[in-house]
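Naming convention: chains lettered A, B, ... in sequence-line order (proteins, then strands); numbering from 1 in each chain. Quick note: numbers below take in every heavy atom, side chains included, and nothing from hydrogens, waters or symmetry partners.
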Number of protein chains: 2
Amino acid sequence: MENHEPVEDVIAALGYLCLGTRFKRLGERLQAETVSIVSAQSGSVPPSQLPFLAAIDRLGPLTVGEMAQAIGITQPGATKTLLHLAKLGLVDMSQSREDRRVRVATLTATGQDLVAQSKASVWKQVDAAARELCKGLSGTLLDQLDTIEQRLAEKPLREWGKP
Amino acid sequence: MENHEPVEDVIAALGYLCLGTRFKRLGERLQAETVSIVSAQSGSVPPSQLPFLAAIDRLGPLTVGEMAQAIGITQPGATKTLLHLAKLGLVDMSQSREDRRVRVATLTATGQDLVAQSKASVWKQVDAAARELCKGLSGTLLDQLDTIEQRLAEKPLREWGKP
DNA sequence: TCCGGTTATATAACTGGATATGGAAAATCA
DNA sequence: TGATTTTCCATATCCAGTTATATAACCGGA
């Protein structure tokens with residue numbers, strides 16, 4: 001077998017020039033690692049959809065447009081995910097009676113159960129893991145990102161913040 | 001007109017629980033804002049493809065697998081973008097003679113020109129903007145992300161790091 | 001030499017975002 | 001009131017990534 005030396009991480013090396021790419025990459029990685037925490041539990045949703053449920057839980061019933069604002073995505077994105085969650089039976093999309101343009105998303109009983117259960121277990125765990133992952137960071141923002149990536153290389157997210 | 005109060009940013013409010021989503025969101029936003037800097041120049045590529053060109057410029061000709069490592073994505077992702085860049089005439093994908101499984105990506109003359117031109121102008125500008133955007137951050141990582149998002153709300157990325 | 005395993009790339013199907021566009025309801029204004 | 005503009009949502013299409021799988025080339029051993 002040939003001896004391949006590891007290739008330099010160009011995104012990290014380029015520093016501020018690739019800051020956006022780097023944030024995105026790290027975010028996707030964290031979400032992916034979150035899956036392996038979440039999916040240990042049964043009957044859950046991917047972490048990208050979790051904020052939708054959390055938003056209603058936190059703010060009460062939301063229109064499509066409000067949801068887009070709350071999550072910080074565009075309206076079509078909110079529509080798509082909400083329709084999906086409705087198909088899963090986790091939220092209910094009912095037309096408002098005062099203004100028939102707007103549709104209001106509420107949690108179904110199933111959705112409420114899932115949120116309650118998640119809050120008590122998985123969300124706690126994810127929060128604790130991320131919190132410990134980011135503990136005692138120092139230096140410039142780029143240094144801190146380096147540290148986070150290093151820490152994730154040492155052990156996966158689900159091993160951080162253990163009791 | 002009705003008076004809609006702004007909706008709370010749930011991702012920010014949930015803190016560490018949504019750290020991944022937040023990184024990803026900020027990264028996408030930075031990339032989107034970078035487009036408006038880059039596309040002021042003629043004949044360029046979206047910022048997501050920029051690291052591919054920068055990687056070859058920095059490390060020399062790379063195989064598909066090495067490129068995936070350098071950028072930190074999976075091999076199929078690297079394949080797709082490299083084939084695309086080849087179609088644009090910016091890189092050349094030639095089969096290696098020693099091992100005909102591997103394909104090596106090099107910059108074409110056009111690609112080299114684009115890189116040289118970008119390095120001298122756009123990349124400098126993006127780097128300076130991101131650098132200033134992240135200047136003097138303090139507090140926890142979440143605080144720093146808050147600050148960055150606030151700063152971007154004040155003025156777009158292209159207004160930062162101006163001479 | 002051929003056969004099984006491994007490696008490198010390509011392809012397919014899917015996901016979660018984006019932008020662009022269109023239709024229906026509401027609001028505004030002449 | 002009727003016409004026009006605005007608002008809200010849905011749909012279509014695209015993009016950049018993913019996982020899973022297929023194909024082709026290489027390598028080592030019987």
**Student:** Under 4.0 Å, heavy atoms only, any strand: does B:Glu98 hit a base, just the sugar-phosphate, or nothing?
**Tutor:** sugar-phosphate

**Student:** Taking atom CG of B:Leu19 and atom CG of A:Leu133, what is their separation to the nearest 0.5 Å?
**Tutor:** 7.5 Å

**Student:** Quick one: A:Leu30 CG to D:dG17 P, roughly how many Å, whole number?
**Tutor:** 17 Å

**Student:** Quick one: is B:Ser48 getting a side-chain N or O under 4.0 Å of the D:dG17 phosphate, OP1 or OP2?
**Tutor:** no

**Student:** If you find the nucleotide of DNA chain C closest to A:Arg97 and the one closest to B:Thr63, which residue's nucleotide is nearer the 5' end?
**Tutor:** B:Thr63

**Student:** On DNA chain C, nearest-nucleotide positions of B:Met93 versus A:Gly77: which is more 5'?
**Tutor:** B:Met93

**Student:** In whole Å, what is the span from the CZ atom of A:Arg103 to the C1' atom of C:dA25?
**Tutor:** 14 Å

**Student:** Using atom CZ of B:Phe52 as one end and atom C1' of D:dC15 as the other, report the distance to the nearest whole Å.
**Tutor:** 13 Å

**Student:** If we only count heavy atoms from C-beta on, is the A:Val64 to A:Val102 side-chain gap below 4.5 Å?
**Tutor:** no

**Student:** Assess, by modelled atom type and distance only, whether the side chains of B:Ser96 and B:Asp99 contain a donor and an acceptor separated by less than 3.5 Å.
**Tutor:** no

**Student:** So for B:Gln75 and C:dA10, does any side-chain atom that can act as donor or acceptor lie under 3.5 Å from a complementary atom in the base?
**Tutor:** yes

**Student:** Rounded to whole Å, how long is the line connecting atom CZ of B:Arg29 with atom P of D:dA16?
**Tutor:** 20 Å

**Student:** What is the distance from CE of B:Met67 to P of D:dG17, rounded to the nearest Å?
**Tutor:** 12 Å

**Student:** Taking N and O atoms by type only, does the side chain of B:Lys80 place a donor or acceptor under 3.5 Å from a partner on the base of D:dG17?
**Tutor:** yes

**Student:** Return whichever of A:Gly65 or A:Thr21 has its heavy-atom-nearest nucleotide of DNA chain D closer to the 5' end.
**Tutor:** A:Gly65

**Student:** Closer than 4.0 angstrom, basic N to acidic O: yes or no for B:Arg58 and A:Glu8?
**Tutor:** yes

**Student:** Do B:Arg101 and C:dT9 have a side chain to base donor-acceptor pair shorter than 3.5 Å?
**Tutor:** no

**Student:** Which nucleotide in the list D:dT19, C:dT9, D:dA10 gets nearest to the side chain of A:Pro76?
**Tutor:** D:dA10

**Student:** If you compare every side-chain N and O of B:Thr79 against the phosphate oxygens of C:dT9 (OP1, OP2), does one of them come in below 4.0 Å?
**Tutor:** no

**Student:** Roughly, in whole Å, what's the span from CZ in A:Arg100 to C1' in C:dA26?
**Tutor:** 10 Å

**Student:** Which whole-number value in Å describes the distance from A:Lys24 NZ to D:dA16 P?
**Tutor:** 8 Å

**Student:** B:Lys87 has an atom NZ; how far is it from atom P of C:dA10, in whole Å?
**Tutor:** 12 Å

**Student:** When you measure only distances, ignoring hydrogens and angles, does the side chain of B:Gln49 come within 3.5 Å of the base of D:dA16 through a donor and an acceptor?
**Tutor:** no

**Student:** Which atoms form the tightest heavy-atom contact between A:Ile71 and A:Ala55, and what is the distance?
**Tutor:** CD1-CB, 4.4 Å

